[in-house]
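First listed ligand is number 1; within each ligand, the first listed atom is number 1.
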Amino acid sequence: MITGATSGIGEACVSCFIKAGYRVIATGRNAEKLNRLKNEFGPDLLPLEFDVRHRETAEACVNNLPDDWREIDILVNNAGLALGLEPEYQGDHTDWDTMIDTNIKGLLSMTRIIVPGMVERNRGHIINIGSVAGDAAYANGNVYCATKAAVKSITDGLRIDVAHTELRVTLLKPGLVETNFSNIRFHGDCERADKVYQGITPLTGKDIADAALYAAQAPKHVQIAEMLILATHQANGSTIVRESNS
Ligand code: NDP
Ligand code: 8X3
């Protein structure tokens with residue numbers, strides 16, 4: 001099951017895992033995009049439409065899965081977003097609520113819904129998408145960085161709590177990945193979004209999907225606990241060396 005499967009890293013994970021022979025439950029809230037994925041991938045893909053912030057709807061969707069899709073082996077907790085890039089003292093309350101509700105509470109809801117079945121079967125893998133932003137705050141990143149630091153703690157906590165089982169828990173921490181992320185962050189200001197990726201070759205969604213697949217396909221006794229994946233000219237959340245145009 002991949003959340004936020006309708007764009008970017010999530011969509012790349014869908015393609016990568018299906019090509020590797022998995023059947024994928026693609027979840028998202030964009031029905032049209034989910035239908036397109038269904039048309040592209042056919043019987044190997046089951047679309048499931050819900051917003052990760054709506055816990056009861058998510059639970060009802062999972063409870064109504066067809067019998068042959070009920071045993072989820074891998075949960076990729078990917079749905080998430082950044083909204084805004086401004087000083088904390090000027091931040092927008094609604095943006096903050098949306099990031100916290102999606103990146104932290106949505107991820108927790110999905111974990112709470114899916115992981116008990118994995119524990120019962122003593123089989124499963126949870127792959128959470130954190131970020132380099134969770135390692136340390138960067139200028140104006142404040143609340144987004146905090147949500148990804150929370151994802152790190154929540155992931156570490158889960159790994160401890162299932163250490164007595166065969167379950168594996170992985171945190172992927174990407175740096176700059178060129179997706180729809182910055183368009184969303186800047187509320188549709190494409191020009192500002194494009195600047196984020198100027199002068200550097202950013203990562204692609206596929207780069208992160210490949211890392212997720214690597215973790216999933218590691219031998220059963222190998223738990224890839226954490227991976228920080230950066231573009232070659234990015235050193236951390238604040239240090240990016242760009243080629244100048246002149
Ligand atoms: P995209 O904007 O391309 O994709 C985000 C996906 O999450 C979309 O499918 C979006 O659906 C979905 N989503 C957002 N909110 C919700 C919600 N409430 N319920 C269900 N689905 C939701 O960005 P990315 O692919 O880059 O982002 C994926 C993850 O990767 C996020 O958690 C992000 O924080 C993380 N990340 C991204 C990095 C980057 O540089 N791009 C780097 C590090 C981490 P919809 O289209 O309906 O909004
Ligand atoms: C997304 C990467 O550096 O824009 O998490 O925060 S960054």
Side-chain angles (χ1 to χ4, degrees), residues 1-16 26-34 36-37 47-55 57-58 61 76-85 95 97-110 127-152 154-155 171-188 190 192-193 195-197 200 202-209 211-212 227-231 233-240:
M1 172 175 281
I2 299 166
T3 69
T6 54
S7 177
I9 295 170
E11 187 174 0
C13 285
V14 169
S15 168
C16 195
T27 89
R29 50 190 182 167
N30 179 337
E32 196 190 316
K33 189 63 201 267
L34 287 174
R36 268 191 273 152
L37 287 173
L48 213 54
E49 188 189 335
F50 62 84
D51 184 314
V52 294
R53 291 171 298 173
H54 302 156
R55 193 176 303 155
T57 314
C61 285
V76 181
N77 260 324
N78 163 75
L81 77 176
L83 289 170
L85 185 71
D95 285 352
D97 286 345
T98 305
M99 287 189 279
I100 291 166
D101 288 348
T102 309
N103 300 359
I104 304 177
K105 292 163 75 179
L107 178 142
L108 270 176
S109 296
M110 294 312 298
I127 301 176
N128 287 340
I129 308 298
S131 169
V132 66
D135 280 356
Y138 54 74
N140 301 325
N142 45 71
V143 174
Y144 176 69
C145 295
T147 65
K148 291 301 181 176
V151 169
K152 152 87 177 148
I154 287 164
T155 310
L171 177 67
L172 298 184
K173 303 188 297 183
L176 284 182
V177 188
E178 190 164 12
T179 61
N180 209 28
F181 178 86
S182 294
N183 284 318
I184 301 288
R185 170 170 244 174
F186 300 128
H187 298 281
C190 301
R192 194 172 172 200
K195 286 202 180 113
V196 174
Y197 310 108
I200 185 167
L203 299 167
T204 64
K206 183 177 180 304
D207 295 324
I208 309 310
M227 263 198 246
L228 172 65
I229 308 148
L230 300 174
H233 293 289
Q234 175 170 21
N236 55 38
S238 318
T239 311
I240 297 163

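Near S131, with a cut-off below 4.0 Å to any heavy atom, the atoms of ligand 2 are 1 (C), 2 (C), 5 (O). Which parts of ligand 1 touch S131 is read off a 4.0 Å heavy-atom cut-off, strictly below it: atoms 43 (C), 44 (C). If you number the atoms of ligand 1 from 1 as listed, the ones under 4.0 Å from a heavy atom of G130 come out as 43 (C), 44 (C). Every atom of ligand 2 with a heavy atom of A133 under 4.0 Å away is listed here by number and element: 6 (O). Near Y144, with a cut-off below 4.0 Å to any heavy atom, the atoms of ligand 1 are 33 (C), 34 (O), 36 (N), 44 (C). Counting the atoms of ligand 1 from 1 in the order shown, those under 4.0 Å from a heavy atom of P174 are 42 (C), 43 (C), 44 (C).
Among I2, L83, T179, the residue whose heavy atom lies nearest to atom 26 (O) of ligand 1 is T179. By heavy-atom distance, the residue among A12, G106, S7, A5 lying nearest atom 8 (C) of ligand 1 is S7. Remark: among candidates T204, V177, T102, the nearest residue to atom 39 (C) of ligand 1 is V177, based on non-hydrogen atoms. Comparing R29, R53, M110, E178 against atom 15 (N) of ligand 1, the shortest heavy-atom distance belongs to R29. Comparing G8, G80, A231, G237 by heavy-atom distance to atom 27 (O) of ligand 1, the nearest is G80. With atom 2 (O) of ligand 1 as the reference point, the heavy atom nearest to it among I229, I208, N180 is part of N180. In this comparison of I129, V76, T98, N78, the heavy atom closest to atom 31 (C) of ligand 1 sits on N78.
Looking at atom 46 (O) of ligand 1, its nearest protein heavy atom turns out to be T6 OG1, 3.6 Å. Counting protein heavy atoms only, atom 19 (N) of ligand 1 is closest to V52 N, 3.0 Å. Closest protein heavy atom to atom 6 (O) of ligand 2: Y138 OH, 2.5 Å. For atom 21 (N) of ligand 1, the closest heavy atom belonging to the protein is A79 CB, 3.6 Å. From the protein, the heavy atom lying nearest to atom 18 (N) of ligand 1 is D51 OD1, 2.8 Å. In terms of protein heavy-atom proximity, atom 25 (O) of ligand 1 is closest to I9 N, 2.8 Å.
Around NE2 of H54, the count of heavy atoms belonging to other residues, nucleotides or ligands within 6.0 Å exceeds 12. For K33, the NZ atom sits in a packed shell: over 12 heavy atoms of surrounding residues, nucleotides or ligands are nearer than 6.0 Å. Atom CZ of R55 has 12 or fewer heavy atoms from other residues, nucleotides or ligands within 6.0 Å.
Within the 3.5 Å criterion, the main-chain N or O of L176 finds a donor-acceptor partner in the side chain of Q234. Without hydrogens or angle criteria, K173 side chain to A133 main chain gives no donor-acceptor distance under 3.5 Å. The backbone N or O of G8 lies less than 3.5 Å from no partner atom in the side chain of N180, so there is not a single donor-acceptor pair.
Salt bridge annotation for D51-R29: present, with a cationic side-chain nitrogen under 4.0 angstrom from a carboxylate oxygen.
In summary, the side chains of T204 and D207 do present a donor paired with an acceptor at a separation below 3.5 Å, with no hydrogens or angles considered. Judged purely by distance below 3.5 Å, without hydrogens or angles, the side chains of T3 and N78 never pair a donor atom with an acceptor atom. Using modelled atom types and a 3.5 Å distance limit, the side chains of T239 and N236 yield a donor-acceptor pair.
Residue G10 has no nitrogen or oxygen atom sitting less than 3.5 Å from a nitrogen or oxygen atom of ligand 1, judged on distance alone. Considering backbone and side-chain atoms together, Q234 places no N or O closer than 3.5 Å to any N or O of ligand 2. Among the atoms of Y197, none of the N or O lies under 3.5 angstrom from an N or O of ligand 1. Polar contact check, G4 against ligand 1: a nitrogen or oxygen pair lies under 3.5 Å apart. Note: no N/O pair closer than 3.5 Å links F50 and ligand 1 by distance alone.
With rounding to the nearest 0.5 angstrom, the CG atom of L171 is 8.0 Å from the CD1 atom of I129. The distance from atom OG1 of T27 to atom CZ of F50, rounded to the nearest 0.5 Å, is 4.0 Å. The CG atom of L107 lies 6.0 Å from the CD1 atom of I154; values are rounded to the nearest 0.5 Å. Atoms CG and CE, from N128 and M110 in turn, are 11.0 Å apart once rounded to the nearest 0.5 Å. If you take CG on L37 and OG on S15, they are separated by 9.5 Å, rounding to the nearest 0.5 Å.
Residue K33 places every heavy atom at 4.0 Å or more from ligand 1. The closest approach between A82 and ligand 1 stays at or above 4.0 Å for every heavy atom of the residue. At least one heavy atom of R185 sits under 4.0 Å from some atom of ligand 2. Note on ligand 1: G175 sits in its first shell, one or more heavy atoms being nearer than 4.0 Å.
Here L176 has backbone heavy atoms under 4.0 Å from ligand 1, and that is the only part of it that gets that close.
Centroid-to-centroid, the aromatic rings of F181 and Y197 stay 6.0 Å apart or farther.
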Pair T6-N30, side chain to side chain donor-acceptor pair (under 3.5 Å): steps then yes or no: CA-CA 7 Å; T6 54; N30 179 337; 5.3 Å; no
